[in-house]
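Note that the numbering runs from 1 along the sequence shown for the chain.
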Amino acid sequence: MGWLIIGLPQGIMMYVPAILLFQVLPQESWVGYLNAFFLCLSVVSSYILSIKGSETSTNAYLSISAWGFVCSSVFLLWDISLWTVIVFMCVSSLFKPLQANSYTAHYYQLIGGVPLKENFRIESIVIRESVINIGRAAGVLLFMLTAGQIDHVWLPWIIVFVMLMQVGIRPLIHKSI
């Protein structure tokens, strides 16, 4: 279920950042420049996590990343402007690797505890990726079906709701331990 909860917002967020950036930027080239910058933030965040991260802090990392996503989206409720979109994207870019790496580390820890261990890794990865992609596809489909009816006012609320879904991951992790 956690992978589906991660995949759904990823599907929606495939389009929303570019749409938000196109709304607030006068030139299309700046959308590309900012997306490259946000990617660099994710790489730096992932690098820092690889150095400073700890397997024992998985639950804390998942909570921190979930609430980081929520806090980043709340800025959009004030206004969809250049600064709110940039804050949203910067904070999201920093927390995305924290969530993904922490959940993946936890997943591999669980696999290590099952009787088949290494013999189950390939199958479990296929299952995990399938569920994530179902969530992504559902997010894309949901966004495509509702994008025409969503006006400028409702988009931030939808983003906040989608980000709040991330808070549901930690309780699911806690149940699996």
Side-chain angles (χ1 to χ4, degrees), residues 1-18 20 34-76 86-143 158-177:
M1 185 65 160
W3 290 115
L4 191 68
I5 292 173
I6 286 176
L8 184 69
Q10 285 179 358
I12 292 171
M13 295 307 291
M14 284 181 190
Y15 296 102
V16 171
L20 291 173
L34 281 174
N35 277 328
F37 172 73
F38 300 138
L39 179 61
C40 289
L41 285 178
S42 289
V43 169
V44 168
S45 175
S46 189
Y47 177 72
I48 292 170
L49 180 63
S50 71
I51 293 171
K52 303 282 184 186
S54 157
E55 286 181 24
T56 58
S57 300
T58 301
N59 283 334
Y61 294 156
L62 288 171
S63 288
I64 291 166
S65 63
W67 287 108
F69 286 138
V70 172
C71 290
S72 71
S73 63
V74 168
F75 284 99
L76 297 173
I86 287 176
V87 167
F88 167 68
M89 292 300 298
C90 284
V91 174
S92 293
S93 296
L94 290 171
F95 285 108
K96 201 179 303 180
L98 182 64
Q99 180 195 52
N101 293 343
S102 299
Y103 201 45
T104 300
H106 174 75
Y107 189 69
Y108 285 125
Q109 288 171 356
L110 285 177
I111 291 172
V114 298
L116 295 177
K117 294 184 185 185
E118 300 88 31
N119 298 323
F120 186 63
R121 284 188 186 245
I122 293 172
E123 292 84 356
S124 65
I125 290 170
V126 169
I127 292 168
R128 179 190 72 189
E129 290 301 317
S130 298
V131 173
I132 287 175
N133 288 327
I134 288 169
R136 287 177 183 150
V140 169
L141 229 110
L142 182 67
F143 187 72
I158 291 169
I159 293 170
V160 170
F161 174 74
V162 167
M163 293 303 166
L164 271 170
M165 288 176 58
Q166 304 299 301
V167 176
I169 292 173
R170 185 168 184 249
L172 292 173
I173 289 289
H174 189 65
K175 286 181 184 177
S176 67
I177 295 177

Distance, nearest 0.5 Å, that separates [atom1] of [X] from [atom2] of [Y]:
X: Asn59; Y: Tyr103; atom1: CG; atom2: OH; value: 10.5 Å
X: Ile134; Y: Arg136; atom1: CD1; atom2: CZ; value: 11.5 Å
X: Ser63; Y: Gln99; atom1: OG; atom2: CD; value: 11.0 Å
X: Ile127; Y: Ile122; atom1: CD1; atom2: CD1; value: 12.0 Å
X: Ser73; Y: Met13; atom1: OG; atom2: CE; value: 8.5 Å
X: Asn101; Y: Leu62; atom1: CG; atom2: CG; value: 10.5 Å

Distance-minimising heavy-atom pair for [X] and [Y]:
X: Ile159; Y: Leu76; value: CD1-CD1, 3.8 Å
X: Leu41; Y: Leu94; value: O-CD2, 3.8 Å
X: Leu8; Y: Met165; value: CD2-CE, 3.2 Å
X: Ser93; Y: Ser45; value: O-CB, 4.4 Å
X: Gln10; Y: Ile132; value: OE1-CG2, 3.9 Å
X: Phe75; Y: Cys71; value: CD1-O, 3.3 Å

Would you say the side chain of [Y] lies within less than 4.5 Å of the side chain of [X], judging by non-hydrogen atoms?
X: Val16; Y: Ile158; result: no
X: Val74; Y: Met163; result: no
X: Ser54; Y: Tyr61; result: yes
X: Met89; Y: Leu34; result: no
X: Cys90; Y: Phe37; result: yes

Going through the checks in order, is the side chain to side chain contact (heavy atoms under 4.5 Å, CB included) test met by Phe161 and Val70?
CA-CA 8 Å; Phe161 174 74; Val70 172; over 6 Å; no

